[in-house]
Amino acid sequence: MPELPDVEGFRRVLAEHTGEPIASVSVLDPGVLRGVTARRLSTSLRGHRFEEPHRHGKWLLAPAQGPVVLLHFGMTGSLTWHPLDDPRHRHDRVIWALPDGELRFRDMRKLQGVHLAANSKEADETVENLGPDALDLSRDDLTATLGAHRGRLKTTLTDQTITAGLGNLLADEICWQAHLNPLRPARDLTAPEVTTLHRAMHRVLRDSLKAERVPPRKTWLTGARDAQTPTCPRCGTPLESRRLSGRRTVWCPTCQAN
DNA sequence: GCTTTTGTTTCGGG
DNA sequence: GCCCGAAACAAAAG
């Protein structure tokens, strides 16, 4: 699930548990470790306290008095808080035990995982290829960014090096709310269309942040796309669907003719 | 067996 | 260099 709003939710979980010493780090499945051994993860963090966490796009950066934990949740990851005696889930991969409970990185598919940077400079290097966070993207940024790319609108929106945080569901939802066809060349959008797109992006992000997910509302594309016979919540037209670079892309051929 | 899945990276082709 | 699709990573559901 994790796109920008989901990761923001995980950031809030972590933010509620800063300041307490890390009693232990348990790596239940080293298959999620990226560029760090279980031993180094543990020795670097034990006794340290998590500080205010930061999110950039789909990355969660958790400084811990020097070292920085970087989490990427792939398609199935999560970070949740549990009482110390909570039974383990089969997909719990790494557990940070604090005095009054534990933080768990749970991830079925292990497509991404847990990184450790020695300091904030090294952490920044890990995410330096990302574009600006989608929440920080001004309309002028968006105009410049779209104008510079010949590719399709949706592909451009989901390219993390262009802007960070938008995934498959968000991109489709934003295009739908903006009445724009996701297959259009990005650079062909007119100025008013970019304005509409920018407004739709912020509206979708704001509502999704509240829900800590892209809410599957009946009035949204996201709430309609998984029906057996999906129809547009606005006009009732059967939704169009195809694969775009391996991602399922859904749009309304009537509302999003252009 | 097969296909599908809300992410990212790499590779080959145009 | 840009853009695209396919494959790979991995696990589960239908």
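Residue numbers begin at 1 in each chain, while the letters A, B, ... track the order of the sequences. Below, each value reflects all heavy atoms present in this structure, side chains not excepted, and no hydrogens, waters or symmetry copies.
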Practice prompt. Would you please confirm or rule out a distance under 4.0 Å between OP1 or OP2 of C/dC4 and any side-chain N or O of A/S245?
Written response: no
Worksheet item: Below 4.5 Å, heavy atoms only, C-beta onward: do A/E173 and A/W220 meet side chain to side chain?
Response: yes
Discussion item. Using a 4.0 Å heavy-atom cut-off, does A/R90 contact any base of the nucleic acid, only the sugar-phosphate backbone, or nothing at all?
Written reply: sugar-phosphate
Fill in: For atom CG of A/N129 and atom P of B/dT8, their distance in whole Å
13 Å
Practice prompt. Report the nucleotide, chosen from B/dG7, C/dA11, B/dT8, that has the shortest atom-to-atom distance to any side-chain atom of A/Q160.
Written response: B/dT8
Discussion item. Check the phosphate of C/dA12 against A/H91, side-chain N and O only, distance under 4.0 Å to OP1 or OP2. Yes or no?
Written reply: yes
Worksheet item: Taking the six-membered ring of A/W176, is the NZ or CZ of A/R225 close enough (under 6.0 Å from the centre) and on axis enough (within 45°)?
Response: no
Discussion item. Over all strands shown, is A/G246 touching base, sugar-phosphate only, or nothing at heavy-atom distances under 4.0 angstrom?
Written reply: nothing
Worksheet item: What integer distance in Å separates A/L244:CG from B/dT8:P?
Response: 15 Å
Item to complete: Taking atom P in both C/dG1 and B/dT8, compute the distance separating them and give it to the nearest angstrom.
Response: 23 Å
Practice prompt. Sort out the partner of C/dA6 for me: Watson-Crick or G-U wobble, both distances under 3.5 Å, none otherwise.
Written response: B/dT10
Discussion item. Which label fits A/H56 and A/H54: parallel for a plane angle under 30°, tilted from 30 to 60°, or perpendicular past 60°?
Written reply: perpendicular
Discussion item. Whether A/R152 contacts C/dG5 is assessed here as follows: a side-chain N or O lying under 4.0 Å from the phosphate OP1 or OP2. Is that the case?
Written reply: yes
Fill in: Close aromatic pair by centroid cut-off 6.0 Å: A/W96 and A/H17
no
Worksheet item: Choosing from B/dG7, C/dA11, C/dC3, which nucleotide comes nearest the side chain of A/R93?
Response: C/dA11
Discussion item. Rounded to whole Å, please give me the gap between CG in A/D92 and P in C/dA11.
Written reply: 15 Å
Worksheet item: When you check the phosphate oxygens OP1 and OP2 of B/dG7, does a side-chain N or O of A/H72 lie under 4.0 Å from one of them?
Response: no
Worksheet item: Can you check the A/K58 NZ to B/dT8 C1' distance for me, whole Å?
Response: 9 Å
Worksheet item: Does a side-chain N or O from A/R248 land closer than 4.0 Å to OP1 or OP2 of B/dT4, or not?
Response: no
Item to complete: Between A/N168 and A/T161, name the one whose nearest nucleotide on DNA chain B is closer to the 5' end.
Response: A/N168
Discussion item. Please report the distance, rounded to the nearest Å, between CG in A/L33 and P in C/dC9.
Written reply: 19 Å
Worksheet entry | A/K110 side chain near C/dC9 phosphate (N/O to OP1/OP2, under 4.0 Å) | no
Discussion item. Taking the basic N atoms (NZ, or NE/NH1/NH2) and the acidic carboxylate oxygens, is any pair closer than 4.0 Å for A/D107 and A/R93?
Written reply: no
Worksheet entry | side-chain N/O A/R242 vs C/dG5 OP1/OP2, d < 4.0 Å | yes
Practice prompt. Check every atom of C/dA10, C/dG5, C/dC3 against the side chain of A/R109 and return the nucleotide holding the closest atom.
Written response: C/dA10
Fill in: N/O (side chain, A/H149) to phosphate O (OP1/OP2, C/dC3) under 4.0 Å
yes
Worksheet item: Could you state the CZ-C1' distance from A/R247 to C/dA6, rounded to the nearest angstrom?
Response: 13 Å
Item to complete: Quickly, which of A/P230, A/C255, A/C252 forms a side chain to side chain contact (heavy atoms under 4.5 Å, CB included) with A/T237? Name it, please.
Response: A/C252
Discussion item. Could you tell me how far apart A/Q112 (CD) and C/dC9 (C1') are, to the nearest whole angstrom?
Written reply: 9 Å
Item to complete: Under 4.0 Å between any heavy atoms, over every strand shown, what does A/R106 touch: base, sugar-phosphate, or nothing? Just pick one.
Response: nothing
Discussion item. What is the distance, to the nearest angstrom, from the CG atom on A/D159 to the P atom on C/dC2?
Written reply: 11 Å
